[in-house]
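All remarks here apply to the structure that follows.
Numbering of residues begins at 1 and proceeds along the displayed sequence.
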Amino acid sequence: MSPANKNLVVLPAYNEEAALPGTIARLQSLPDAFELLVVNDGSTDFTSHLAHELAATSRLTMHVVDLPLNGGIGAAVQTGYLFAARSRSTTT
């Protein structure tokens with residue numbers, strides 16, 4: 001499947017170290033046409049470290065973007081849109 005036909009699941013995450021492993025595990029059942037993006041929204045716990053570890057072992061392609069400060073869900077979702085737009089423009 002060409003990268004232009006991939007689907008991106010954007011996961012805004014702020015201090016989600018407890019919930020993130022289970023969420024990523026459940027998403028592993030998605031078809032191969034899906035990629036995952038965790039947008040770490042300035043977490044103060046181990047969300048970033050854990051997200052990078054999970055990305056290394058994910059069956060699906062998984063990306064992590066670390067924002068330096070907590071900008072709220074709107075900033076995290078907008079980051080996901082920008083990531084998707086830039087990824088698509090570099091692959092088409």
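Interatomic distance, Leu50 CG to Glu16 CD, rounded to the nearest 0.5 Å: 11.0 Å. Once rounded to the nearest 0.5 Å, the distance linking OG of Ser58 with CG of Leu27 reads 8.5 Å.
Side chains of Phe83 and His63 form a contact here, defined as non-hydrogen atoms less than 4.5 Å apart. Annotation: side chain of Thr61 is not in contact with side chain of Leu36 (no heavy-atom distance under 4.5 Å). Side-chain atoms of Met62 and Leu54, non-hydrogen and from C-beta on, do get closer than 4.5 Å to each other. Between Ile24 and Leu11, the closest side-chain pair of non-hydrogen atoms falls below 4.5 Å.
For Ser48 against Asn40, the heavy-atom pair with the smallest separation is CB-ND2, 3.3 Å. When all heavy atoms are compared, the tightest approach of Glu17 to Phe46 is OE2-N, 3.5 Å. Asp32 and Leu60 get closest at one heavy-atom pair: CA-CD2, 4.1 Å. Taking all atoms of both residues into account, the shortest heavy-atom contact from Val39 to Gly80 is CG2-N, 4.3 Å.
The hydrophobic cluster containing Ile73 does not contain Val38, counting ILVMFWY residues as joined when their side-chain heavy atoms lie under 4.5 angstrom apart, directly or transitively.
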Test Thr44 against Asn15 for side-chain contact (heavy atoms from CB on, under 4.5 Å), laying out the working first. CA-CA 6 Å; Thr44 57; Asn15 291 341; 3.4 Å; yes

side-chain contact (heavy atoms from CB on, under 4.5 Å) for Val65 and Leu67? Distances and angles first, verdict last. CA-CA 6 Å; Val65 172; Leu67 300 180; 4.2 Å; yes

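In this structure, Arg59 contributes its side chain and Leu30 its backbone to a donor-acceptor pair below 3.5 Å. With hydrogens and angles ignored, the 3.5 Å screen pairs no side-chain donor or acceptor of Thr47 with any backbone N or O of Ser43.
By the side chain to side chain donor-acceptor pair (under 3.5 Å) test, Asp41 is found to be paired with Asn70, residues two or more places apart in sequence or in another chain being considered.
More than 12 heavy atoms of other shown residues, nucleotides or ligands fall within 6.0 angstrom of atom NE2 in His52.
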